[in-house]
Amino acid sequence: MSLRILYGGTFDPVHAGHLAVARAARDTFGVPVRLLPAADPPHRGAPGASARDRADLLALALAGEPGLAVDERELHRPGPSWTVDTLRELRAEAGPDTPLAWLLGADAFRGLPSWHQWPALAGLAHFIVAVRPGHDTENLPAALEAACTGRWADSPQALAAAPAGRLFRLRLPPHPASATELRRRLAAGEGPGDWLAPAVADEIARRGLYRAG
């Protein structure tokens with residue numbers, strides 16, 4: 001069965017770094033990638049824009065991008081957007097044998113032990129960890145390091161050979177884009193440079209999002 005890749009995140013707002021990760025996963029594994037904006041992200045402060053706005057901006061960013069699509073399921077579920085609930089829902093849809101993989105950045109992966117019911121995640125999906133210089137999987141928390149032992153895969157094909165439980169490092173070149181810095185720039189009335197797709201930048205301005213005050 002073909003691997004299914006899910007890329008979760010707040011996308012607050014979606015920027016060039018997010019798109020680089022999604023494209024790299026699509027191209028490395030040769031399968032489509034679905035991006036899932038969190039409605040109520042439980043591991044960070046309140047987003048700078050509503051879930052509806054962030055999902056709309058994400059759809060604009062992905063327009064015309066082959067193999068990349070928005071999955072809004074977390075917007076339609078009440079309460080915190082726990083990844084374990086999303087993966088259980090996806091696993092129920094896909095069946096027990098379909099390979100599923102959750103794509104995330106190295107910094108988010110490092111915080112995995114703080115996630116709701118995190119030990120259950122490995123039984124539901126693989127993890128594809130996007131790493132860049134300075135943001136790798138070295139010196140992980142002890143509990144996470146122990147959970148990762150013997151699970152790292154050396155090839156993309158290894159993830160398609162099992163439904164869940166493996167880990168893969170998706171190596172990417174450095175990228176300066178930061179959602180935190182981007183929100184600061186937008187609040188200060190500064191230009192986003194090339195960090196935003198033109199259609200996304202235009203829609204942020206039209207909706208008056210991320211403005212100070």
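Predicted model, so just to flag it, every value in this text is computed and none were measured.
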May I ask whether [X] and [Y] are part of the same hydrophobic cluster, defined by side-chain heavy atoms of I, L, V, M, F, W, Y residues being less than 4.5 angstrom apart, directly or through others?
X      : Y      : answer
Leu6   : Trp118 : yes
Val21  : Val129 : no
Leu36  : Leu100 : yes
Ile5   : Leu121 : no
Val131 : Phe168 : no

Non-hydrogen side-chain atoms of [X] and [Y] separated by less than 4.5 Å:
X      : Y      : value
Ile128 : Trp102 : no
Cys148 : Leu140 : yes
Arg110 : Thr137 : no
Val70  : Leu62  : yes
Arg4   : Val33  : no
Arg54  : Thr10  : yes
Arg171 : Arg132 : no
Arg52  : Glu72  : yes

Which atom of [X] lies closest to which atom of [Y], heavy atoms considered:
X      : Y      : answer
Ala51  : Ala39  : CB-CA, 3.7 Å
Phe11  : Pro37  : CD1-CA, 3.9 Å
Pro133 : Leu172 : CD-O, 3.6 Å
Pro47  : Asp12  : CA-OD2, 3.3 Å
Ala55  : Leu75  : CB-CD2, 3.8 Å
Ala101 : Leu159 : CB-CD2, 4.4 Å

Just by modelled atom types, is the [Y] backbone N or O under 3.5 Å from a matching donor or acceptor in the [X] side chain?
X      : Y      : value
His126 : Ala162 : yes
Thr28  : Ala25  : no
Arg26  : Pro32  : no
Arg91  : Gly95  : yes
Arg169 : Ala153 : no
Arg211 : Ala187 : no

Distance in Å, [X] [atom1] paired with [Y] [atom2], rounded so as to fall on 0.5 Å steps:
X      : Y      : atom1 : atom2 : result
Leu3   : Gln157 : CG    : CD    : 10.5 Å
Phe127 : Leu170 : CZ    : CG    : 14.5 Å
Leu209 : Asp53  : CG    : CG    : 4.5 Å
Glu145 : Glu138 : CD    : CD    : 10.0 Å
Leu57  : Tyr210 : CG    : OH    : 6.0 Å

inquiry  = Using the rule given for side chain to side chain contact (heavy atoms under 4.5 Å, CB included), can you reason through Asp56 versus Glu203, listing the C-alpha separation, both sets of side-chain angles and the distance that settles it, and then say yes or no?
reply    = CA-CA 9 Å; Asp56 289 348; Glu203 189 64 11; over 6 Å; no
message = Between Glu190 and Arg184, does the side chain to side chain contact (heavy atoms under 4.5 Å, CB included) criterion hold? Intermediate values first, please.
response = CA-CA 8 Å; Glu190 300 174 10; Arg184 187 203 65 77; 3.1 Å; yes
For Glu74, all residues meeting side chain to side chain donor-acceptor pair (under 3.5 Å), sequence neighbours excluded = Thr86
ask   = Does the ring of Trp82 carry Arg88 above it, NZ/CZ under 6.0 angstrom from centre and within 45° of its axis?
value = no
query = Within 45 degrees of the axis of the six-membered ring of Trp152 and under 6.0 Å from its centre: does Arg166 put its NZ or CZ there?
reply = no
query = How far apart are the C-alpha atoms of Arg34 and Leu90, what are their side-chain angles, what is the distance that settles it, and do they pass the side chain to side chain contact (heavy atoms under 4.5 Å, CB included) test?
reply = CA-CA 12 Å; Arg34 281 192 276 167; Leu90 287 159; 3.9 Å; yes
ask   = For His15, which residues count as a ring-ring contact (aromatic ring centres under 6.0 Å, His included) partner, sequence neighbours excluded?
value = His18
query = For Arg73 and Glu93, what are the C-alpha separation, side-chain angles and deciding distance, and is it a side chain to side chain contact (heavy atoms under 4.5 Å, CB included)?
reply = CA-CA 12 Å; Arg73 69 181 62 234; Glu93 292 174 6; 2.8 Å; yes
inquiry  = Checking Arg77 against Asp40 for the salt bridge (charged side-chain N to carboxylate O under 4.0 Å, His left out) test, could you report, in this order, the C-alpha distance in whole Å, the side-chain angles of both residues, the deciding distance, and whether it holds?
reply    = CA-CA 9 Å; Arg77 192 174 68 228; Asp40 181 10; over 6 Å; no
